[in-house]
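Positions are given from 1, in the same order as the sequence printed here. All ligand and atom numbering here is 1-based and tracks the order in the structure.
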Amino acid sequence: MDYKKPKGTKDIFNIESYKYEKTINILKRVSNNFNYEYIETPIFEYTNLFNRIGESSDIVSKEMYTFKDKSNRSLTLRPEGTASATRLAAENNLLNPKSNDHLKLFYIGDMFRYERPQSGRYRQFKQFGVELYSKPSLSSDIEVVLMINSILKEFNISNYKFIINSIGGEESRKKYVDFIKKELGKNVNLLSDDSKVRINSNPLRILDSKNKRDIELVNKLPSIYDFLSPEEKETFDKICKFLDEYNIKYEIDHLLVRGLDYYNDFVFEVVDESNSSRTNSILGGGRYSTLVKDISGFELSSVGFAIGIQRLINLVENNNPNFYNKEMKNLIYIAPLTEKSLLYSFTIRDLLIKEKFNVNFDLNFDMKMKYYFNKMDKLNPGWSILVGDKDSESNLVTVKNNLTKEIKEVKFNELKSTLTNLMRKNNG
Ligand code: HAM
């Protein structure tokens with residue numbers, strides 16, 4: 001076979017697509033429950049928007065899919081959703097720094113990063129993201145943590161914890177960056193090659209280096225917390241206190257800086273407790289005032305997070321192996337046994353679809369009975385309706401409950417109420 005999918009991409013089909021669909025439906029439902037508004041942005045934007053993420057971040061410097069269109073415009077496939085959501089909010093005048101309103105948005109879409117593919121890491125991947133624009137406020141930070149908590153509960157996940165930190169506002173961060181630049185600069189020869197570059201371009205990222213020599217040097221540095229202003233410390237302490245009172249499991253890690261450069265103050269990730277490696281964080285987010293200011297010109301703040309759908313599915317399956325078992329209880333199998341019964345069978349299906357039942361309609365007719373029985377065994381639907389000539393002539397429907405093996409003959413115009421009652425009973 002000569003045709004293969006590009007490296008780092010994934011075909012989603014069969015049970016995998018069911019998992020994606022179920023996961024996305026739950027995420028959409030919870031977002032609606034929290035009253036967040038669904039948005040869609042283009043898959044590509046002008047490159048200068050994404051440069052705002054931070055020119056020294058890995059995403060911008062190494063991982064973007066950037067190309068020129070036929071009019072020589074530089075475009076980039078979106079590597080993440082925050083910059084686009086903020087552009088959407090600014091361009092469509094949804095942001096108002098004077099207002100006390102909160103703009104609550106969510107999105108589900110494909111992101112593109114030229115990364116080294118590995119388990120849970122793709123070059124095209126689906127992300128669910130949430131962005132909450134408001135004046136800076138403690139309650140917004142807490143809101144997103146609680147939303148994440150509710151989401152993970154919906155997936156019956158309990159084996160996770162938040163890793164949190166405050167990286168301060170611009171001023172405190174600058175003081176800290178200047179300090180660590182000076183300190184690490186004393187031992188620049190001991191740093192890893194990547195960190196030797198980062199000491200000038202993005203010193204904060206050295207804090208979460210996985211290199212042994214870097215880690216040794218970083219461990220000798222004072223914590224960023226010591227450089228926060230009293231107000232920043234107070235806000236962070238209040239968030240921690242709230243999480244304690246709410247019984248949310250978290251760990252403070254003053255080395256957590258996140259891979260994107262646009263964050264300030266509160267940042268967090270969620271990790272699977274059964275898998276201690278930070279490379280596989282399920283989700284990440286934080287506050288990003290500078291990005292909002294850069295894109296919109298407003299002194300507004302925003303806090304948000306994003307989850308990789310595949311990473312979420314992996315986590316759900318680790319915690320809950322049966323979560324994605326396909327629910328066939330409410331599926332109805334309809335088989336016209338003869339060509340003559342085809343028209344009547346389609347009419348039965350129309351009625352059931354109108355009533356929002358899920359129907360598997362068998363397009364084969366005039367088959368041996370063995371075929372239909374084998375099909376039912378394989379499919380294992382909750383209900384089956386085999387339509388013979390006799391049924392179509394007398395406007396009857398023979399419904400079999402595959403769970404109890406009970407067979408009921410009902411009139412066509414009573415089918416809806418009969419099935420609704422029977423299903424209610426079945427679903428207990
Ligand atoms: P991020 O940490 O770059 O943050 O990505 C968020 C999540 O997307 C990760 O935790 C992971 O689940 C998933 N992810 C990232 N890269 C890949 C990949 N190559 N393959 C599969 N999954 C991946 C952001 O994107 C920020 N925009 C989050 C945010 C929203 N911050 C504020 N608002």
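For G259, the heavy-atom gap to ligand 1 stays at 4.0 angstrom or more. Using a non-hydrogen distance threshold of 4.0 Å, E115 registers as a contact of ligand 1.
Using a 4.0 Å cut-off to heavy atoms of Y122, the atoms of ligand 1 that qualify are 18 (C), 19 (N), 20 (N), 21 (C). The G285 neighbourhood of ligand 1 comprises atoms 31 (N), with distances under 4.0 Å to a heavy atom of that residue.
Cation-pi geometry between R287 and F266 is not met: the NZ or CZ atom fails to fall both under 6.0 Å from the ring centre and inside 45° of the normal.
With atom 21 (C) of ligand 1 as the reference point, the heavy atom nearest to it among S84, G120, G81 is part of G120. One option in R258, Q127, R287 has a heavy atom closer to atom 2 (O) of ligand 1 than any other, and that option is R258. Within the set Y288, F125, F112, F305, the minimum heavy-atom distance to atom 23 (C) of ligand 1 is found for F125.
In terms of polar-atom proximity, defined here as any N/O pair under 3.5 Å, G308 does make such a contact with ligand 1.
Here E45 pairs with R87 in a salt bridge; the nearest charged N to carboxylate O distance falls below 4.0 Å. Salt-bridge formation is not detected for the pair R198/D193: no Lys NZ or Arg NE/NH1/NH2 atom is positioned less than 4.0 Å from an Asp or Glu carboxylate oxygen.
To the nearest 0.5 Å, the span separating CG on L105 from CG on L132 amounts to 9.0 Å.
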